[in-house]
Amino acid sequence: MAELDRQGGEIGIPGDWTYASAPESRDIVQIAERYGHFVGGEWHEAAETYETIAPRDEEVLAGVGQGTPADVDRAVGAARAAYADGWSSLPGSERAKYLFRIARLLQERSREFAVLESLNGGKPIKESRDVDLPLAAAHFFYYAGWADKLEYAFPNRRPRSIGVAGQIIPWNFPLLMLAWKVAPALACGNTVVLKPAETTPLTALLFCDVLRQAELPAGVVNIVTGDGRTGAALVEHDDVDKIAFTGSTEVGKEIQRRLAGTGKHLTLELGGKAANIVFDDAALDQAVEGIVNGIYFNQGHVCCAGSRLFVQESIYEPLVAKLERRLETLRVGDPLDKNSDVGAINSAAQLEKIRELVASGEEEGAAIYQPPCVLPEKGYWFAPTVFTNVAQSYRIAQEEIFGPVLSVLTFRTPDEAVEKANNTPYGLSAGVWTEKGSRILWMAQRLRAGVVWANTFNRFDPSSPFGGYKESGFGREGGLHGLEPYLEFEQ
Ligand code: NAI
Ligand code: MG
């Protein structure tokens with residue numbers, strides 16, 4: 001940015017910089033025409049299927065099973081049998097071996113998984129390659145390390161496994177969310193029935209081949225595909241001991257209502273509307289990079305996205321000018337192009353939701369900025385968007401958009417920043433940009449959010465717990481804390 005600043009005044013920024021496209025080959029991935037459900041270590045033909053597509057151009061990729069209550073019942077039965085037949089009594093050091101194997105296999109096959117993830121979900125290949133895959137493997141490595149140390153993790157509390165875990169995951173980080181859920185569950189001695197999101201089932205289905213290579217005992221992990229009806233069947237199944245859900249607050253509330261009084265364990269990781277707060281002493285160029293990463297990473301399909309930017313009034317104008325100029329350099333396009341920064345919107349339904357909320361922002365009186373960019377004609381696309389002149393009451397400042405759309409607001413004092421940042425039903429994450437360590441700590445103590453990043457954003461690590469306050473849910477994933485939801489303790 002500093003380089004562009006200098007050039008900007010003197011010679012102008014060339015408007016026609018071109019770059020050669022650098023498409024990643026999809027030959028490494030083999031997609032079957034039709035998939036069934038993976039139950040008890042075997043593929044079971046699906047009675048009903050639907051088509052899963054590539055959001056970049058709506059190409060049909062495969063037929064995928066729409067799981068019925070009978071499919072779910074068979075999967076839960078297989079998970080229960082595997083739990084009773086040995087998995088729950090296997091020494092932790094033996095369970096760890098399988099997790100280590102899965103982690104290494106994911107690393108070995110990471111290119112294949114990354115291409116498939118970008119094809120089926122629409123995210124840029126450089127993100128699936130550099131973020132999703134390394135982190136998914138890291139989660140298996142990390143929890144493999146805990147499997148034989150649970151007594152030390154929870155001294156004097158006699159931890160033991162819960163039983164069968166039903167896990168329902170979303171479409172924004174399909175394989176990574178699978179890893180977040182499966183790795184701690186297995187490390188603690190549970191077995192699993194997992195339901196991927198309906199728009200992005202393919203990496204979970206490929207993961208079944210990793211389980212085969214790792215020689216994981218049959219039935220320890222079962223995967224049933226389908227939409228919300230399949231998820232609901234899993235939630236309602238009597239023989240499931242725990243539900244772990246990541247997705248919308250609406251469905252999370254519904255699941256909580258259904259499970260009330262059943263005694264089943266529950267963790268919910270739901271939506272967010274994170275505040276990214278920039279003080280006037282922050283390093284502005286770095287802050288601009290953090291803002292861009294915070295909201296345009298994965299097209300903004302991120303529960304902890306920094307979708308509300310709070311800028312201290314004295315730096316509002318220079319910061320917004322830098323941000324808008326930086327947006328012009330983002331490359332929106334083919335997810336499989338290694339040069340793409342922003343890929344395709346995951347589904348037609350999500351695109352519709354983004355459009356509707358953006359229209360509401362314009363109607364309510366916010367000023368919209370979108371850099372000039374040519375969007376592909378086929379597929380689902382939305383240009384990176386910044387709204388200024390946003391009031392706190394506007395829908396775009398209150399509701400989760402889950403797209404590449406940023407709302408900019410201002411503040412004068414740290415107290416005002418805290419008050420405005422906390423003025424949301426959510427509380428998943430927040431960011432603070434300042435050069436003063438004391439101010440970072442002061443802010444972090446007051447922000448009602450599960451994660452507070454300082455002078456960075458969207459950083460993830462398997463050793464660090466992640467989860468929400470308020471309508472962002474409860475329970476933690478990652479770290480030592482992430483073991484607890486998969487364990488029972490003797491009183
Ligand atoms: P969703 O909550 O409907 O879907 C998430 C998962 O839950 C999917 O696997 C889905 O099949 C399943 N599901 C849906 N209804 C269910 C039910 N009644 N019982 C059990 N499982 C059910 O989210 P959706 O409709 O895909 O996205 C809507 C909005 O939710 C997004 O625009 C975004 O704001 C938010 N969202 C938040 C996510 C997060 O990471 N916290 C992830 C996905 C969506
Ligand atoms: Mg839904």
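Both ligands and their constituent atoms are indexed starting at 1 by order of listing.
- In the model, D71 has no side-chain atom that pairs as donor or acceptor with a side-chain atom of H44 under 3.5 Å.
- Between Y142 and W146, the ring planes lie perpendicular to each other; the angle is over 60°, past the 30° to 60° tilted range.
- Note on ring orientation: taking the six-membered ring where Trp is involved, the planes of F460 and W453 are perpendicular (angle over 60°, cut-offs 30° and 60°).
- Among E400, E352, R229, the residue whose heavy atom sits closest to atom 33 (C) of ligand 1 is E400.
- Residue pairs meeting the salt bridge (Lys or Arg N to Asp or Glu O under 4.0 Å) criterion with at least one member in residues 464-486, sequence neighbours excluded, are R157-E484, K181-E477, K253-E471.
- Under a cutoff of 6.0 Å and an axis angle of 45°, K420 and F310 do not form a cation-pi pair.
- Polar contact check, T246 against ligand 1: no nitrogen or oxygen pair lies under 3.5 Å apart.
- For a threshold of 3.5 Å applied to N or O pairs, the pair formed by L270 and ligand 1 contains at least one separation below that value.
- For ligand 1 and E269, the ligand atoms under 4.0 Å from any heavy atom of the residue are 41 (N).
- The presence of a protein heavy atom under 4.0 Å from atom 3 (O) of ligand 1 is confirmed.
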Item checked: Residues T385, I354; criterion side-chain contact (heavy atoms from CB on, under 4.5 Å); working and verdict -> CA-CA 11 Å; T385 301; I354 296 167; over 6 Å; no
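- Of the listed residues (H301, E399, K353, E254), the one carrying the non-hydrogen atom nearest atom 31 (C) of ligand 1 is K353.
- The protein non-hydrogen atom at the shortest distance from atom 21 (N) of ligand 1 is G231 CA, 3.6 Å.
- Looking at ligand 1, you won't find any N or O of I401 less than 3.5 Å from one of its N or O atoms.
- Numbered from 1 in the order shown, with element, the atoms of ligand 1 that lie under 4.0 Å from a heavy atom of A197 read 9 (O).
- Protein heavy atom at the shortest distance from atom 30 (O) of ligand 1 is S248 CB, 3.0 Å.
- The nearest protein atom to atom 43 (C) of ligand 1, hydrogens excluded, is given as P170 CB, 3.5 Å; this is a heavy-atom distance.
- For atom 13 (N) of ligand 1, the closest non-hydrogen atom on the protein side is G228 CA, 3.6 Å.
- Proximity to I169 (heavy-atom distance under 4.0 Å) selects the following atoms of ligand 1: 6 (C), 8 (C), 9 (O).
- Here H139 pairs with W180 under the ring pair (Phe, Tyr, Trp, His ring centres under 6.0 Å) rule; sequence neighbours left out.
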Next item on the list: Evaluate the side-chain contact (heavy atoms from CB on, under 4.5 Å) criterion for residues E127 and F297: first the C-alpha distance (whole Å), next the side-chain angles of each, then the deciding distance (0.1 Å), finally the verdict.
Entry: CA-CA 8 Å; E127 289 179 11; F297 172 64; 3.4 Å; yes
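- Among all protein heavy atoms, the one lying closest to atom 16 (C) of ligand 1 is V251 CG1, 3.4 Å.
- In this structure, a donor-acceptor pair under 3.5 Å is present between the side chains of S128 and S118.
- Looking at F245, Y426, W171, F402 and measuring to atom 36 (N) of ligand 1, the nearest heavy atom belongs to F402.
- Of the protein's non-hydrogen atoms, the one nearest atom 11 (O) of ligand 1 is E198 OE1, 2.6 Å.
- Per-residue contacts place Q350 under 4.0 angstrom from the following atoms of ligand 1 (heavy atoms of the residue considered): 31 (C), 32 (O).
- In summary, the side chains of E400 and S307 do not present any donor paired with an acceptor at a separation below 3.5 Å, with no hydrogens or angles considered.
- Heavy-atom contacts of I168 reach the following atoms of ligand 1: 6 (C), 7 (O), 9 (O), 12 (C), 20 (C), 21 (N) (cutoff under 4.0 Å).
- R109 and D209 are joined by a salt bridge, as a carboxylate oxygen and a charged side-chain nitrogen come within less than 4.0 angstrom of each other.
- Given atom 39 (C) of ligand 1, the protein heavy atom at minimum distance is C303 CB, 3.5 Å.
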